[in-house]
Amino acid sequence: MKILVTGGAGFLGSHLCERLLGDGHEVICLDNFFTGRKANVEHLIGRRGFELIRHDVIDPFKVEVDQIYNLACPASPPHYQFNPIKTIKTSVMGAINCLGLAKRVRARIFQASTSEVYGDPEEHPQREAYWGHVNPIGARSCYDEGKRCAETLFFDYHRENGVDIRVVRIFNTYGPRMLPDDGRVVSNFIVQAIRGEDLTVYGEGAQTRSFCYVDDLIEGFVRFMAQDATVGPLNIGNPGEFTMIELAELVLKKVGGKSRITHKPLPPDDPKQRQPDITLARKHLGWEPRVPLEDGIERTIAYFRKVLQAN
Ligand SMILES: NC(=O)c1ccc[n+]([C@@H]2O[C@H](COP(=O)([O-])OP(=O)(O)OC[C@H]3O[C@@H](n4cnc5c(N)ncnc54)[C@H](O)[C@@H]3O)[C@@H](O)[C@H]2O)c1
């Protein structure tokens, strides 16, 4: 197949492009390089079937493809809050442009939605049927509400125009090619520990998150696109739940050195807990995560050691 990946030069997008090429598909990687980097896909440039296009999803585009994966959107709070209006435009206008294209060329289209659509959840773990608890006017709303609106658009195009959609809600994912300065907790802790700095924990550190290793996530994406039982929304993530203190201690143990844990005040609207219910992914995709946190953290540490040494 010929497959378009928007946001293909980002953290998840670059792993997805690599996987799809490896499966024998042709891949068009479209990115405006806001948070993505050419270095993430450098090893794919020149490979048969790979094409890289600099383009902003806010502007319409035309390509002939069989499938579309729409991943374009800054994903970490410092990046999506850098220009909040641009963030919501990327989610909403990007979705409209991708859906218009999917409708025209009759492509199956995948939306990278997020567990942030659940907000600060009052249900735990979160099932797909839960409608969420989201602040519509806060600092995180440009991302959360942008993604919620994109989901609405996907389901309206599906109902009104028969567009063949797949909507996935991604929970915290980590691994090689995260940006060292993107403010996400796994990369923060690892980079601080490698640099010998103290690890910053926000609040008491009792808030929990579930962390999925990137290879597990990408396997879930590909299986979701290959099946017809459900269009979603479908949670994909690792249900293993860890407090921020537990994660910080694991990173300290694996990196070694003299760093210690320090505390800073919690940012506004920071969810206290987040854990996917993956019953539907197990049922429809036969999928569940395989990489234990310790192994994934070791692979990610190895990546950051290389990147930080090179800089
Ligand atoms: N990594 C996670 O834990 C996670 C969790 C939930 C949802 N997601 C979603 O998955 C997708 C990929 O996230 P990621 O972690 O790889 O983040 P990322 O920031 O590494 O990737 C996003 C990519 O989109 C590109 N992009 C941003 N705005 C664009 C625009 N207007 N036009 C074209 N390209 C644009 C960026 O340059 C980047 O390459 C995002 O949609 C994100 O919301 C990720």
Side-chain angles (χ1 to χ4, degrees), residues 4-19 28-41 52-61 68-98 110-119 126 140 142-151 154 167-188 209-218 220-221 233-238 271 274 276 289 296 300:
L4 170 68
V5 180
T6 76
F11 160 48
L12 299 180
S14 61
H15 286 276
L16 178 62
C17 288
E18 199 173 285
R19 165 68 190 262
I28 300 174
C29 167
L30 182 151
D31 207 296
N32 72 348
F33 299 109
F34 174 48
T35 49
R37 290 175 306 172
K38 254 194 202 142
N40 286 342
V41 289
L52 179 61
I53 300 175
R54 179 191 286 268
H55 186 83
D56 196 306
V57 289
I58 286 178
D59 300 317
F61 43 91
I68 301 169
Y69 284 83
N70 183 33
L71 273 63
C73 186
S76 73
H79 290 141
Y80 69 64
Q81 287 168 12
F82 174 74
N83 186 344
I85 296 168
K86 172 79 190 204
T87 299
I88 199 159
K89 276 184 170 172
T90 296
S91 268
V92 175
M93 293 163 74
I96 292 172
N97 287 328
C98 288
F110 171 105
Q111 167 67 359
S113 191
T114 169
S115 57
E116 300 292 335
V117 301
Y118 299 123
Q126 292 80 53
R140 303 172 72 110
C142 59
Y143 183 72
D144 304 3
E145 296 290 17
K147 289 286 188 180
R148 286 170 69 93
C149 182
E151 285 199 10
F154 268 70
V167 175
V168 70
R169 292 182 179 151
I170 305 166
F171 284 67
N172 271 347
T173 302
Y174 69 98
R177 304 201 196 117
M178 296 178 89
L179 288 174
D181 58 350
D182 74 354
R184 290 191 245 197
V185 64
V186 173
S187 44
N188 264 5
R209 293 290 184 278
S210 309
F211 300 103
C212 185
Y213 188 67
V214 59
D215 291 357
D216 280 336
L217 187 85
I218 301 298
F221 284 10
L234 189 79
N235 290 339
I236 301 212
N238 193 325
R274 205 40 97 46
T300 312

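Every heavy atom of this structure was used, including side-chain atoms; hydrogens, water molecules and symmetry mates were not. The first residue of the sequence shown is numbered 1, and numbering continues consecutively from there. In listed order, ligands and their atoms are each counted from 1.
- Proximity of a side-chain donor or acceptor of Lys38 to a complementary backbone N or O of Ala9 within less than 3.5 Å is not detected.
- Considering both main-chain and side-chain atoms, Pro74 never comes within under 3.5 Å of ligand 1 through any nitrogen or oxygen pair.
- An N or O contact shorter than 3.5 Å links Val57 to ligand 1 by distance.
- In terms of polar-atom proximity, defined here as any N/O pair under 3.5 Å, Ala72 makes no such contact with ligand 1.
- The distance criterion of under 3.5 Å between nitrogen or oxygen atoms is not met by Thr114 with respect to ligand 1.
- Contact atoms of ligand 1 toward Phe33: 37 (O) (distance under 4.0 Å to a heavy atom of the residue).
- Regarding atom 35 (C) of ligand 1, its nearest protein heavy-atom neighbour is Asn32 OD1, 3.0 Å.
- Note: an N/O pair closer than 3.5 Å links Thr173 and ligand 1 by distance alone.
- Close contacts between ligand 1 and Arg184 involve ligand atoms 1 (N), 2 (C), 3 (O), 14 (P), 15 (O), 17 (O) [criterion: under 4.0 Å to a heavy atom].
- Considering Cys73, Ser115, Gly10, Ala75 only, the shortest heavy-atom separation from atom 22 (C) of ligand 1 involves Cys73.
- At least one N/O-N/O distance between Leu12 and ligand 1 falls below 3.5 Å.
- Closest heavy-atom approach to atom 25 (C) of ligand 1 among the candidates Asn70, Asp31, Thr87, Asp56: Asp31.
- Listed by first then second residue, pairs satisfying side chain to side chain donor-acceptor pair (under 3.5 Å) with a partner in residues 81-93 read Asp56-Lys86, not counting sequence neighbours.
- Judged by the shortest distance from any of its heavy atoms, Asn172 lies inside the 4.0 Å radius around the atoms of ligand 1.
- Residue pairs meeting the salt bridge (Lys or Arg N to Asp or Glu O under 4.0 Å) criterion with at least one partner in residues 10-19, sequence neighbours excluded, are Glu18-Arg177, Arg19-Asp23, Arg19-Glu219.
- Ligand-side atoms of ligand 1 in range of Gly7: 23 (C), 24 (O), 25 (C), 39 (O), range being under 4.0 angstrom from any heavy atom.
- Against a heavy-atom cut-off of under 4.0 Å, Gly36 is close to the following atoms of ligand 1: 36 (C), 37 (O), 38 (C), 39 (O).
- Residue-to-ligand polar distances keep Lys86 apart from ligand 1: every N/O pair is separated by 3.5 Å or more.
- At least one heavy atom of Tyr143 sits closer than 4.0 Å to an atom of ligand 1.
- Checked against a 3.5 angstrom limit, the closest N/O atoms of Gly8 and ligand 1 fall outside it.
- Short contacts between ligand 1 and Ile170, defined as distances under 4.0 Å to a heavy atom of the residue, involve ligand atoms 4 (C), 5 (C), 6 (C), 7 (C), 8 (N), 9 (C), 10 (O).
- Taking a cut-off of under 4.0 Å to the non-hydrogen atoms of His55, the atoms of ligand 1 that pass are 32 (N), 33 (C).
- Applying the 4.0 Å criterion to heavy atoms of Thr90 picks out, from ligand 1, the atoms 28 (N), 29 (C), 30 (C), 31 (N).
- Residue nearest to atom 12 (C) of ligand 1, selected from Leu16, Val41, Leu71: Leu71 (by heavy-atom distance).
- Listed by number with element, the atoms of ligand 1 under 4.0 angstrom from any heavy atom of Ser113 are 7 (C).
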